[in-house]
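Notes for the one structure printed next.
Heads up: numbering here begins at 1 and tracks the sequence.
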Amino acid sequence: MLKLSEIDLGSTLLSTFILIGFIATAFVFVRLTIIGINYVKVNYLKKEGVDKNTKENERESKGF
């Protein structure tokens, strides 16, 4: 087992923070991917005919 005096504390801390940075970056990319997929689902995969009919019916009911 290594002695405590032989361990380079600065190098260990730097390596740890670099590893934490890579993990955080991967987490951000996964999160942005999920947000993008949900955005596409909500905005582009709707049935356009149903949405247009409901908007026209709302306009007619208001008298405009």
Side-chain angles (χ1 to χ4, degrees):
M1 192 168 143
L2 296 174
K3 294 181 183 178
L4 188 59
S5 61
E6 294 178 1
I7 297 174
D8 186 13
L9 184 62
S11 177
T12 304
L13 285 175
L14 181 63
S15 298
T16 303
F17 284 117
I18 289 173
L19 180 65
I20 290 171
F22 279 122
I23 292 171
T25 303
F27 179 72
V28 167
F29 280 125
V30 168
R31 198 161 165 167
L32 286 175
T33 303
I34 292 170
I35 290 171
I37 290 170
N38 287 336
Y39 179 79
V40 168
K41 282 183 183 179
V42 168
N43 290 323
Y44 294 110
L45 300 179
K46 287 182 179 178
K47 294 181 181 177
E48 293 180 2
V50 174
D51 292 337
K52 289 181 181 177
N53 288 337
T54 56
K55 289 180 182 177
E56 290 175 4
N57 289 339
E58 289 174 2
R59 291 180 190 156
E60 290 173 2
S61 65
K62 292 181 181 178
F64 290 112

So how far is it from F29 CZ to I34 CD1, rounded to the nearest 0.5 Å? 14.0 Å

Atom CG of L14 and atom CG of L19: how far apart are they, to the nearest 0.5 Å?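 L14 atom CG to L19 atom CG measures 11.5 Å (nearest 0.5 Å).
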
Pick out which of N43, I37, V42 makes a side chain to side chain contact (heavy atoms under 4.5 Å, CB included) with Y39.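 The option that passes is N43.
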
Do Y44 and I35 land in one hydrophobic cluster if side-chain heavy atoms of ILVMFWY residues count as linked below 4.5 Å? no

Does V28 share a hydrophobic cluster with I18, counting links as ILVMFWY side-chain heavy atoms below 4.5 Å and allowing steps through other members?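 In one cluster: no.
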
